Amino acid sequence: MRLEALARAAIADALRRLSFPSPSGEIPLERPEKAEYGDISSRVAFLLAKELKRPPQEIAGDLAAAFSHPAFSHVEAVGGFLNLTLRPEAIREVLRQILAEGERYGEWELGKRRPLQVEFVSSNPTGPLTVGHGRQAALGDALANLFSALGWEVTREYYLNDEGRQIELLAQSLWARYRQALGADVPVPEDGYHGDYLVAIGEELASEWGDRYPEWTPEAVEAFRGVAVKRMMGMIHEDLAAIGVSFDVWTREGDLHRRGLVREVFEALKDRGVVYEKDGAHWMKSTEFGLARDPVLIRSDGTPTYLMVDIAYHVDKYRRGFVRVVDVQGADHIEEQQQVKLALRILGYPEEFLHYCVHQFVTLKGREGIERMSTRAGRFLRLKDLIEELGRDVVRYFMVRRKPEAHLIFDMELAKKTSVENPVYYVQYAHTRIASIFREAEKAGEPVTRHALRVTDLSPLTDRDELALIKELDRFPDVVRRAAESYGPHLLCEYMEELAGMFHPYYNRVRILGQGGATPARLALLYALRAVLQKGLSLLGVTAPEVM
RNA sequence: GCGCCCGUAGCUCAGUUGGACAGAGCAGCGGCUUCCUAAGCCGCAGGUCGGAGGUUCGAGUCCUCCCGGGCGUACCA
């Protein structure tokens with residue numbers, strides 16, 4: 001049994017013995033920072049104070065007196081808190097269980113193999129991916145990994161918006177570059193795409209097609225749109241390959257139209273009476289439901305807006321059987337999200353179906369001219385280039401290290417020059433050191449396999465750092481769960497940095513090899529630690545190197 | 001104006017469902033290597049948790065207002 005479960009059972013037992021009521025919900029537990037407060041503490045007495053009409057400290061005192069559980073060596077009531085101290089054997093038992101679970105330690109079965117979708121990146125094919133998309137790629141992929149670990153059947157999906165006005169502008173921008181390559185003085189449209197990346201493609205097309213498209217005719221639109229989207233998708237695939245993210249499903253906006261779904265969902269909204277006509281367009285009555293404004297669903301020219309398609313897309317997701325959908329999106333989509341959620345609510349879809357992981361933007365520090373990135377203005381740093389410069393591990397780790405809803409200041413110079421003090425290296429180095437010990441241990445004929453270590457005598461593990469490490473390892477499954485359910489992979493970074501920060505001093509102080517009976521026991525501890533580091537890093541899409 | 005997010009040490013940020021004297025890394029200063037990788041370890045210094053009220057036995061955490069920053073407020077996506 002895990003330590004928290006142990007403590008809950010013991011406290012519940014004491015409550016029963018005293019005929020005290022149980023608090024509504026779980027018995028609250030904490031891991032106190034100070035050693036003198038024990039291994040686990042509970043403020044359950046505070047919760048019962050009102051109901052029992054007695055001061056918390058009295059209740060805690062009674063609980064301490066009635067407390068009796070073999071896993072705990074002593075109990076103390078301090079200032080209303082109930083502080084529990086575990087017996088070392090109970091802590092070591094946790095290690096044995098971790099070794100029994102092996103590489104699966106940290107996984108859950110909460111998802112029960114139900115289908116869950118993570119939609120992320122979904123960048124329009126109007127340019128390569130920038131470092132901003134990098135945050136989303138790292139975040140989405142980590143969340144997908146985390147939900148897999150919770151036992152969900154996860155689908156990674158990319159929504160491809162390959163139609164509409166932006167694509168038209170892209171095509172026209174490319175055509176302008178093509179004309180320029182042929183010596184014509186054709187400017188890129190002011191609200192078009194000004195990035196360099198279209199210049200080279202324009203030149204290629206000039207030499208391939210010659211003067212075939214002198215005017216911006218419907219034929220030209222068709223030709224350039226096709227080429228532009230194809231080439232942009234090529235770049236996006238390169239960027240995704242660079243960061244190591246791959247998708248299971250690509251959904252194109254055009255598919256939704258062709259299936260008649262957009263029309264059908266619009267009609268459904270109309271049937272619910274939440275659509276009205278004004279100025280030739282169809283609007284949704286969102287203000288009646290408390291939102292800031294009414295959005296257009298169908299333009300006066302009869303074409304559906306992005307929002308309308310987005311609503312239909314989510315209906316489609318539901319029909320495809322997803323029990324839960326997580327959309328990773330930038331903060332500039334918040335209003336859109338409110339509108340989609342409202343529409344789904346009106347249509348009667350369950351509230352818990354759609355979740356958004358909203359993230360703020362990445363600011364690049366140390367690169368002149370691109371502090372405020374804009375694909376359209378051609379002012380950005382390509383994700384692939386960043387990764388080539390810093391390495392995939394550093395980029396991925398940095399991108400998820402901060403909570404999504406906070407701005408991320410990516411200090412280029414720091415990320416580069418601190419390759420020595422970088423937190424990702426700090427964590428990876430802990431793994432590398434353990435790997436190194438295991439190489440030496442094997443040479444020395446010590447037990448190194450899980451099979452051998454799970455039956456080894458753990459009683460030599462009496463050092464305070466050793467017991468503290470085991471207690472920290474015990475937290476891992478909860479961290480995984482919380483990181484997933486709160487859409488905060490940064491919690492995993494924090495945890496692993498803590499773990500590495502406990503291991504390095506221990507390593508420095510305590511020798512593992514050549515210590516007689518203590519050696520196998522310590523190897524057992526390090527085996528579990530290595531497994532957790534591996535698992536944690538892999539959940540973030542970061543490697544766990546054997547050698548650095 | 002309205003909506004959402006952020007404001008914690010010089011810098012970048014953590015901080016469970018409110019809890020026991022506010023944490024980490026970097027930067028700064030001073031130490032540590034006959035031994036499993038020094039990409040490491042030990043120590044010092046550094047903060048009126050943006051401000052003001054309020055709720056509570058207890059507020060960095062919840063509520064209100066204010067200040068500062070970001071994003072949105074399109075028949076763009």
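The chains referred to below are lettered A, B, ... by the order of the sequence lines, with proteins before strands, and numbering in each begins at 1. As the structure is a computational prediction, the values presented were derived from the model and not from experiment.
- Annotation: B:rU17 and B:rC63 have their P atoms spaced 13 Å apart (nearest Å).
- The C1' atoms of B:rU8 and B:rU48 are separated by 12 Å, rounded to the nearest whole Å.
- Of the candidates B:rG40, B:rA20, B:rU12, the closest approach to any side-chain atom of A:His504 belongs to B:rG40.
- The backbone N or O of A:His407 sits nowhere less than 3.5 Å from a side-chain atom of A:His359 that would complete a donor-acceptor pair.
- For the P atoms, the distance from B:rG50 to B:rA9 is 8 Å, rounded to whole Å.
- Residue order along RNA chain B, read from the 5' end via each residue's closest nucleotide, puts A:Pro28 first among A:Glu253 and A:Pro28.
- Among the heavy atoms of the strands lying under 4.0 Å from A:Gln166 is at least one base atom, whether or not backbone atoms are also near.
- Comparing the same atom, P, in B:rU61 and in B:rU16 gives a spacing of 11 Å after rounding to whole Å.
- A distance of about 31 Å separates the C1' atoms of B:rG10 and B:rC4, rounded to the whole Å.
- In this model, the phosphate group of B:rA39 is not approached by any side-chain N or O of A:Tyr507 to a distance below 4.0 Å at OP1 or OP2.
- Distance check on atom P: B:rG69 versus B:rC29 gives 34 Å, rounded to whole Å.
- For A:Phe46 and B:rG19, the ring-to-base geometry does not satisfy the stacking test (centroid distance below 5.5 Å, interplanar angle below 30°).
- Along RNA chain B, the nucleotide nearest A:Pro304 and the nucleotide nearest A:Ser42 are compared for position; the residue whose nucleotide lies closer to the 5' end is A:Ser42.
- Judged by Watson-Crick or G-U wobble contacts below 3.5 Å, the nucleotide B:rC62 has B:rG54 as its partner.
- The side-chain tip of A:Lys285 does not point at the ring of A:Phe289 from less than 6.0 angstrom away and within 45° of straight on.
- If you check every strand for non-hydrogen atoms under 4.0 Å, A:Leu491 touches sugar and phosphate atoms only.
- For B:rG15, the OP1/OP2 oxygens have a side-chain nitrogen or oxygen of A:His490 closer than 4.0 Å.
- For the residue pair A:Asn161 and A:Tyr306, no side-chain donor N or O sits within less than 3.5 Å of a side-chain acceptor on the partner.
- For A:Ser300 and B:rC75, a side-chain-to-base donor-acceptor distance below 3.5 Å is present, hydrogens and geometry of angles not being considered.
- Side-chain atoms of A:Glu51 never come within 3.5 Å of backbone atoms of A:Ser22 as a donor-acceptor pair (strictly under, hydrogens ignored).
- B:rC67 and B:rC21 have their P atoms separated by 35 Å, with the value rounded to a whole Å.
- Stacking between A:Phe81 and B:rA20 is shown: the ring centroid lies under 5.5 Å from the centre of the six-membered base ring, and the planes differ by under 30°.
- Phosphate contact (OP1/OP2 of B:rA38, side-chain N/O of A:Arg433, threshold under 4.0 Å): present.
- For A:Ser41 against B:rA20, a side-chain-to-base donor-acceptor contact under 3.5 Å is present.
- One donor-acceptor pair, N or O on each side, does fall under 3.5 Å between the base of B:rA20 and the side chain of A:Asn83.
- Comparing B:rG31 with B:rA38, their C1' atoms are spaced 14 Å from each other, to the whole Å.
- Counting all heavy atoms, side chain and backbone alike, A:Glu497 lies closest to A:Tyr397 at OE2-OH, 2.6 Å.
- The residue from A:Lys317, A:His333, A:His355, A:Gln337 that alone fulfils the side chain to side chain contact (heavy atoms under 4.5 Å, CB included) condition with A:Asp327 is A:Lys317.
- Distance CG (A:Leu82) to C1' (B:rG19): 14 Å, rounded to an integer number of Å.
- Side-chain nitrogen and oxygen atoms of A:Lys278 include none within less than 4.0 Å of the OP1 or OP2 phosphate oxygen of B:rC75.
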